[in-house]
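The shown structure was predicted, so the numbers you read here are calculated from the model rather than taken from an experiment. FYI, side chains are in, hydrogens and waters are out, and symmetry mates aren't considered; it's all heavy atoms of this structure. To find a chain, count down the sequence lines: A is the first, B the second, and so on, and within it residues start at 1.
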Amino acid sequence: MGRRRSYLEELNPAQLEAVRTLFGPVLVIAGAGSGKTRTLVYRVARLVEEGVPPERILLLTFTRKAAREMLRRASLLLGRSCERVSGGTFHSLSHQMLREYGRLIGFSPNFTVLDRGDAEDAINLLRSSLGLSEKGRRFPKKDTLAALFSKAVNQGRTLAKILEREYPHFFEYLPEIERLFLEYQRYKREHQLMDYDDLLLHWHRVLLEHSEVRAEISRRFEFIMVDEYQDTNWLQAEIVRLMAEGHGNVMVVGDDSQSIYAFRGANFRNILEFPRLFPGTRIIKLEENYRSTQPILDLANAVIERAREKYTKCLFTRRPGGQKPIRYRARDESDQSRFVAERILELREEGVPLSEIAVLFRAAFHSFDLELELARQDLPFVKYGGLKLIEAAHIKDVVAHLKILLNPFDFLSWHRVLLLLEGVGPRTAEKIITHLRASSDPLRALSSVPARPSYEKGLRRLTQTLEALRRISSVEERLEELIEYYRPLLERIYHDDYPKRERDLESLLSLAHRYQDLSEFLADLALEPPESAVADLEPETEKEDHIVLSTIHSAKGLEWHTVFVISLCEGRFPSAYAVASEEELEEERRLFYVAVTRAREGLYLCHPVTGYLPGEGRVILKPSRFLEELPSELWEEWREIPAEEAREEAASAGFRPGDLVWHPQFGEGEVREVLPAEKIRIYFLGHGEKTLHLKFARLERL
DNA sequence: GGTGACCATCTTTTT
DNA sequence: GATGGTCACC
C-alpha cells in the first residue's frame with residue numbers, strides 16, 4: 001500500500017489523470033520530456049495492480065527496446081509479473097498474429113519475412129524477367145520501385161498519384177510499373193513471402209474479414225496502449241481500431257511536434273483523427289517538461305514555433321538557470337570532430353559519464369570523420385542507425401541458407417544461395433530453380449539437379465550441407481556448421497576484406513546463442529535487427545561506459561546530459577533531398593526539434609563551413625537555416641582560444657580575486673583565489689566553488 | 001554462360 | 001565505399 005501511495009504521489013495532475021483513466025479511449029498529447037514514458041509505465045503498473053492479467057495488456061511501441069525498457073521499469077514498481085505484458089512493434093505483433101491466423105488468408109505459419117533489401121532483390125528479379133531492364137531505358141531502379149510500392153501501401157494512395165507528384169520523370173512508365181507491382185504481389189503470395197508492409201496489410205485483412213478473430217483479439221488484449229502515435233499511419237490506426245472493437249480500451253500517446261516518419265507514410269494528423277475514430281475520447285495534455293533546463297527549452301520552443309502547423313502549446317520547465325546552447329563554427333569536418341572530442345574529454349574530466357553524452361546527426365555517414373577521431377582519442381562509442389549487421393551482404397548470404405531450411409519455397413533465398421557457387425550465374429541459378437520448383441520438396445530435389453561439371457562439386461557440397469543442417473535442431477549449431485561451409489565461399493567472393501567480414505559472422509553466431517527456435521531467430525533478425533551497426537556488436541560493450549553516436553531518428557525517446565548536434569549545414573540538415581517541398585522541410589524542422597529536446601543540461605550545435613558534397617567536392621557550406629533563424633539571444637558562439645594564447649593571456653592579464661568571469665559550462669562566477677601551477681578557484685552561481693586549470697578552462701572576463 | 005576488372009554514380013531517415 | 005553497369009575474355 002505504501003508503495004502505491006508513493007508512486008502516485010510522484011505524478012503531476014495530468015499524468016495522474018492519464019494513469020487513473022483505465023477504461024475507454026484516451027488520447028495523451030505529450031510534449032518532449034513531459035514524463036510520457038513514466039506515465040505509460042505507471043499505467044501498466046496500475047492495471048496490473050487492479051488485477052488485470054499482464055498478458056491481457058498490449059503495449060505497442062516503436063522499437064522493442066522501448067517496450068522492454070518500459071516493462072523493466074514497471075517491474076521495479078510492482079514485481080516481475082509486469083514482464084509478462086504483451087509488447088512489441090506493430091510489425092512484430094502482426095507477424096506473431098499472422099503466424100497464428102495467417103492460414104485464414106492462405107499463408108503457412110512458416111512464411112518468410114522480407115526485409116527491405118530482400119524486397120528489392122525480388123523486385124529486381126521480376127524487373128529483369130519482365131524485360132524492363134534493357135539498356136538504354138531509364139526505367140526506375142529497384143530501390144526507387146521499392147520505395148514507390150511501399151508508399152502506395154502506407155499512404156493508401158495509387159501508384160499513379162505518387163508518380164505524378166513525386167516522380168513525374170517516370171510517369172511514362174506507369175503501365176509497366178503497375179504491372180510490376182501486381183507481379184511482385186503475386187510472386188510474394190506464391191512463395192509465402194511477406195515484406196514489412198504486407199505484415200500490416202495482411203493482419204489488417206484478417207481482422208477486417210473475420211469478425212471471430214476480432215472478438216478473440218479483443219478478449220485476448222483487454223487494454224491496448226500505443227506509444228509514439230504521431231508516427232503511425234492509417235493502416236496502423238485501423239489495426240488498433242479493429243483490435244479494440246470489443247472494448248474500446250485504448251490509450252495512445254504522442255506528440256505532433258515530434259512526428260518524423262512521414263517518409264514512410266506516418267501522418268501526425270492521425271493524432272487528431274483519433275477522437276473521430278474513437279468517439280468519447282478523453283484528451284489529456286502533458287506540457288510540463290522535466291528534462292531540460294530553461295535555456296535549452298527556450299531554444300526548442302523557438303524551433304517549433306516556426307513550424308507551420310502545430311497543435312501542442314509551449315513547454316515549460318521548473319528547471320531555471322543553466323548554460324545557454326553553444327554554437328560552434330568549425331573550419332571543416334575534422335575541426336568539428338576535434339572540437340567534439342575535446343569537449344567530450346573535458347566533460348569526462350568534470351565527471352560527466354560518457355554514457356551521458358550523445359552526438360546526433362541527420363544521416364549515418366555524417367559521423368564517419370568523428371568516428372575516426374574518437375577512435376584516435378580512445379573514446380569508446382556505440383553507433384546507432386546506418387548500415388546494420390543484417391544488411392551486410394555476407395550476413396545476408398548466410399541467413400539465406402537458414403531461410404531455405406524454414407521455407408523451402410523461398411526461391412528468392414535459393415537464388416542468392418545458388419549464385420554463391422563458383423560457376424553458377426543468374427541463368428544457371430534460374431535453371432536449377434525451375435527444377436526445384438517442380439518438386440514438392442525442393443530441398444530433396446536439389447540432389448537430382450542435372451549439373452554441369454564446372455559447378456557440380458560446389459552444388460554437391462551445398463546439397464550435403466543443407467541435408468546435414470536439416471538434421472540439426474539447435475540454432476547455434478546449425479549456424480556454426482553453416483559458417484564452416486560458407487567460409488571458403490566468403491574468402492573467394494570477398495577476397496579483399498574477408499577477415500573483417502568473418503568477424504561479423506562471429507557476431508551473428510553470438511546472437512544466435514539466445515535462440516532455440518529458428519523461425520524466431522529469423523523473424524527477430526528481420527523485425528528487430530540488432531540496432532548497433534556492423535563491427536561493434538560485442539555484448540560486453542553494452543555495459544561499458546560509452547558515448548552514443550546516433551541518427552536523430554534512432555535517438556527518439558532517449559535523453560542525455562549533453563548532446564552535440566553536428567553537421568548543421570544546408571544540404572545536410574536539412575537534407576538536400578528534403579528542401580523541395582514545404583512538408584518535407586517541416587519534417588526536417590521537427591527532426592531538429594527532436595534533436596535539441598534530447599538534451600538535459602548541455603547542448604552544442606556545430607556546423608563546418610567547408611566540406612564535401614556529393615559530386616562537387618570541397619565546397620563552402622552554409623549554416624543550416626534552422627540555425628540561422630534562431631534568435632541570437634538564445635545561444636552563444638563558442639570562441640576558440642588556442643591553449644597557448646589563453647595561457648599567455650591569463651598570465652599577463654592576471655585574474656584577481658573578485659573578478660567576474662564566465663565559463664562555458666558553469667556560467668557566471670567570481671574569482672576567489674589564484675593558486676599556483678596555473679590553477680584558479682572560482683565560485684559559480686548554482687555550481688558552487690570549482691578549482692580549474694587556467695590551461696583548460698576557457699574563462700572570459702565579464 | 002560465367003568471371004573479373006573497370007568505370008560511373010550516388011549516397012536520408014526505418015519497420 | 002558500395003553498388004550497378006559494361007566489356008573483354010575464358
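- Closest non-hydrogen pair, F111(A) versus L199(A), comes out as CE1-CD2, 4.0 Å.
- One atom, OH of Y261(A), and another, P of dT15(B), lie 6 Å apart when rounded to the nearest Å.
- Nearer the 5' end of DNA chain B, as judged by each residue's closest nucleotide, is the contact made by G425(A), out of Y196(A) and G425(A).
- Between the CD atom of E430(A) and the P atom of dG2(B) there is a distance of 11 Å, given to the nearest Å.
- Computed from coordinates, the D143(A) CG to dT9(B) P distance equals 16 Å when rounded to whole Å.
- Among the heavy atoms of the strands lying under 4.0 Å from K142(A) are primed sugar atoms or P, OP1, OP2 only; no base atom is included.
- Both P426(A) and E391(A) lie near DNA chain B, and the one whose nearest nucleotide falls closer to the 5' end is P426(A).
- As rounded to whole Å, 9 Å separates atom P of dG2(B) from atom CG of L419(A).
- Note: CZ (F149(A)) to P (dT15(B)) measures 22 Å, nearest angstrom.
- Of the candidates dA2(C), dT12(B), dT14(B), the closest approach to any side-chain atom of R116(A) belongs to dT14(B).
- For the pair R116(A) and Y196(A), the cation-pi criterion (under 6.0 Å, within 45° of the ring axis) is not fulfilled.
- Residue Q155(A) contributes atom CD, which lies 15 Å from atom C1' of dT15(B) at whole-angstrom precision.
- In terms of phosphate contacts, S554(A) brings a side-chain nitrogen or oxygen within less than 4.0 Å of OP1 or OP2 of dT14(B).
- Side-chain nitrogen and oxygen atoms of R427(A) include at least one within less than 4.0 Å of the OP1 or OP2 phosphate oxygen of dG1(B).
- For H91(A), counting side-chain heavy atoms from C-beta on, the closest listed nucleotide (dT15(B), dT12(B), dT14(B)) is dT15(B).
- Distance CD (E371(A)) to C1' (dG1(C)): 13 Å, rounded to an integer number of Å.
- Of the side-chain N and O atoms in S454(A), none sit less than 4.0 angstrom from OP1 or OP2 of dG1(B).
- Candidate nucleotides dT14(B), dT12(B), dG2(B) were compared by shortest atom distance to the side chain of F263(A), and dT14(B) ranks first.
- Rounded to whole Å, atom P of dT3(B) lies 11 Å from atom CG of L420(A).
- Applying the salt bridge (charged side-chain N to carboxylate O under 4.0 Å, His left out) rule to pairs touching residues 89-100 of chain A yields E100(A)-R220(A), sequence neighbours excluded.
- Y455(A) comes within contact range of no nucleotide atom at all, as no heavy-atom separation falls under 4.0 Å.
- Put simply, the side chain of M194(A) does not reach to within 4.5 Å of the side chain of L201(A), judged on heavy atoms.
- Note on K396(A) versus D118(A): salt bridge recorded, some NZ/NE/NH1/NH2 to OD/OE distance being below 4.0 Å.
- For A363(A), whose side chain is taken as the heavy atoms from C-beta onward, the closest listed nucleotide among dT13(B), dT15(B), dG1(B) is dT13(B).
- Among the protein residues, E422(A) comes within range of the sugar-phosphate backbone only, with heavy atoms under 4.0 Å from sugar or phosphate atoms but none that close to a base.
- Under the 4.0 Å criterion applied to side-chain N and carboxylate O atoms, E120(A) and K141(A) are not assigned as salt-bridge partners.
- In this structure, A364(A) reaches the sugar-phosphate backbone alone: every heavy-atom distance under 4.0 Å involves primed, P, OP1 or OP2 atoms, never a base.
- The side chain of R264(A) approaches dT15(B) more closely than any other nucleotide in the set dA2(C), dT15(B), dT12(B).
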